[in-house]
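Just so it is clear, the values below take in all heavy atoms, side chains as well, and ignore hydrogens, waters and symmetry mates.
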Amino acid sequence: MNISKNIKLIMLSFLILGTGCATSKINEAEVSKVKKVAVVAFSANLPASQKLSLDVMSGKTSGEQGGNLLTETSLTINQILHHINQSFIKNKNWQVLETNTMKMNPAYIQAYKSTMDGWQNKMPAGAGTKDYVVKDVMDKDGLRLLGPEGKKQLIQALKVDAVIAVNVTTNLEGFTVMGIGKRKPQSSVLIQVYNENEDSPIWFESFKGDESEDSVGMTGFIDEEKLQTLSLASVKTALKKIK
């Protein structure tokens, strides 16, 4: 085993999957062969609201950075995945394996267990953020953890031409002074498309959505439910750019 090579591949995967700043790359010849796909891995990283902290010595309260090392689920995050699937149907004219059908495939169930159960080699959500997933769907690290052979077997079992990993990242934009000011969500959607024969993605690209005109709060204590709704709206504008 080439440990140095494996470490480099893991670091590259974290860079590609964990940020919205990846350089776009597309293998036109391979992508043109794709007709049917499955979005097999998906995560969304959103800012978290600050929390009130009590200093037991002074009795004073203050705000501390929020976030959660554990992943969360929500109906709005499920809707984001739905719209991602629909974007590949509308924009690429691809057949997309329905998520619930995919979840029932024995090979996918096994892939999910091998990449999601127990301790896994993954980066947790950054400070002040939360990672969201869809129930029984692998997160953004799923294909990396499966490896080339596992990815190939999954493609064959699902009877698709390619599998896709998607990572959504939402940031809070807007002008603040002394920590006070409108915080407007803006989402980026990073896609990675893999076929059976290539170890690296045949297409990866990050698409930035529109900045919201609405705000989720004037301080670090933001409305997380509203944040999810506005993130979805921004994601929809990003998905229109997939061609």
Should the heavy atoms of other residues, nucleotides or ligands under 6.0 Å from CG of D117 be counted, would the total exceed 12? yes
Check for a donor-acceptor pair, side chain of T176 on one end and backbone N or O of G181 on the other, with a separation under 3.5 Å. no
S187 vs T170, side chain to side chain donor-acceptor pair (under 3.5 Å): CA-CA, chis, key distance, verdict: CA-CA 4 Å; S187 300; T170 298; 2.8 Å; yes
Surrounding CD of E225 (heavy atoms of other residues, nucleotides or ligands, distance under 6.0 Å), is the total greater than 12? no
Residue pair I80 / V168, side-chain heavy-atom distance below 4.5 Å: yes
F42 and I84, any side-chain heavy atoms less than 4.5 Å apart: yes
Would you please test Q228 and L75 for side chain to side chain contact (heavy atoms under 4.5 Å, CB included) and show each step? CA-CA 10 Å; Q228 291 183 34; L75 292 177; over 6 Å; no
Strictly below 4.0 Å, N to O, side chains only: are E72 and K130 in salt-bridge contact? yes
Tell me the closest heavy-atom pair linking I242 and S87, and the distance in Å. CD1-OG, 3.9 Å
So for atom NZ, which belongs to K240, do other residues, nucleotides or ligands contribute more than 12 heavy atoms lying within a distance under 6.0 Å? no
Show, in sequence, the C-alpha distance, side-chain angles and deciding distance for S212 and Q186, and conclude whether the side chain to side chain donor-acceptor pair (under 3.5 Å) test is met. CA-CA 6 Å; S212 175; Q186 183 174 31; over 6 Å; no
Applying salt bridge (charged side-chain N to carboxylate O under 4.0 Å, His left out) to D214 and K226, what does each step give before you reach the verdict? CA-CA 10 Å; D214 204 352; K226 186 177 182 180; 3.1 Å; yes
Can you tell if the side chain of L97 reaches within under 4.5 Å of the side chain of V37, non-hydrogen atoms only? no
Does Q50 reach the main-chain N or O of I222 with its side chain, forming a donor-acceptor pair under 3.5 Å? no
Between the side chain of T115 and the main-chain N/O of A111, is any donor-acceptor distance below 3.5 Å? yes
Below 4.5 Å, heavy atoms only, C-beta onward: do E196 and Q156 meet side chain to side chain? yes
For T71 and D131, test the side chains for any donor-to-acceptor distance below 3.5 angstrom and give the result as yes or no. no
Backbone N/O of M218 and side chain of R183: donor-acceptor pair under 3.5 Å: yes
To check you understand the geometry: which heavy-atom pair defines the closest contact between V216 and L172, and what is its length? CG2-CD2, 3.9 Å
Can you check whether I77's main-chain N or O pairs, donor with acceptor, with S74's side chain at less than 3.5 Å? yes
Kindly give the heavy-atom pair with the smallest separation between P124 and L69, and that separation in Å. CB-CD2, 3.7 Å
What verdict does the side chain to side chain donor-acceptor pair (under 3.5 Å) test give for D210 and S234, after you've listed the backbone C-alpha separation in whole Å, the side-chain angles of each residue and the deciding distance to 0.1 Å? CA-CA 5 Å; D210 294 344; S234 184; over 6 Å; no
What are the two closest non-hydrogen atoms of D161 and V34, and how far apart are they? OD2-C, 3.9 Å
Rounded to the nearest 0.5 Å, what separation is found between the CG atom of L143 and the NZ atom of K151? 8.5 Å
I want to check something: taking the side chain as every heavy atom from C-beta on, are K122 and L145 in contact at a cut-off of under 4.5 Å? yes
Would you give the length of the straight line joining atom CG of L46 to atom CG of L230, rounded to the nearest 0.5 angstrom? 10.5 Å
Parallel under 30°, tilted from 30 to 60°, perpendicular over 60°: which one fits the rings of W94 and W203? perpendicular
Tell me if a side-chain donor or acceptor on E98 pairs with a main-chain N or O of N100 at a distance below 3.5 Å. yes
For residues V133 and S43, report the shortest heavy-atom separation together with the two atoms involved. CG1-OG, 4.2 Å
Could you tell me which non-hydrogen atom of L227 sits nearest to which non-hydrogen atom of P47, and how far apart they are? CD2-O, 3.2 Å
Can you confirm whether F88 sits close enough to I191 that some side-chain heavy atom of one is under 4.5 Å from a side-chain heavy atom of the other? yes
What I want to check is whether the side chains of N195 and E30 have a donor and an acceptor closer together than 3.5 Å. yes
Tell me, yes or no, whether the heavy-atom count around K113 atom NZ, taken from other residues, nucleotides or ligands under 6.0 Å, exceeds 12. no
Check: V40 main-chain N/O paired with Y108 side-chain donor or acceptor under 3.5 Å: yes
Can you tell me if K103 uses its side chain to pair, donor with acceptor, with the backbone of K135 under 3.5 Å? yes
Any donor-acceptor N/O pair, K182 side chain to F175 backbone, under 3.5 Å: no
With no hydrogens and no angle check, just 3.5 Å: does a side-chain donor-acceptor pair link Q192 and Y194? yes
With a sphere of 6.0 Å drawn around NZ of K92, does it hold more than 12 non-hydrogen atoms of other residues, nucleotides or ligands? yes
If Ile, Leu, Val, Met, Phe, Trp and Tyr residues are connected whenever their side-chain heavy atoms lie under 4.5 Å apart, and connections chain through other members, are I109 and I155 in the same group? no
If you define the side chain from C-beta out and look only at heavy atoms, does anything of D139 sit under 4.5 Å from M116? yes
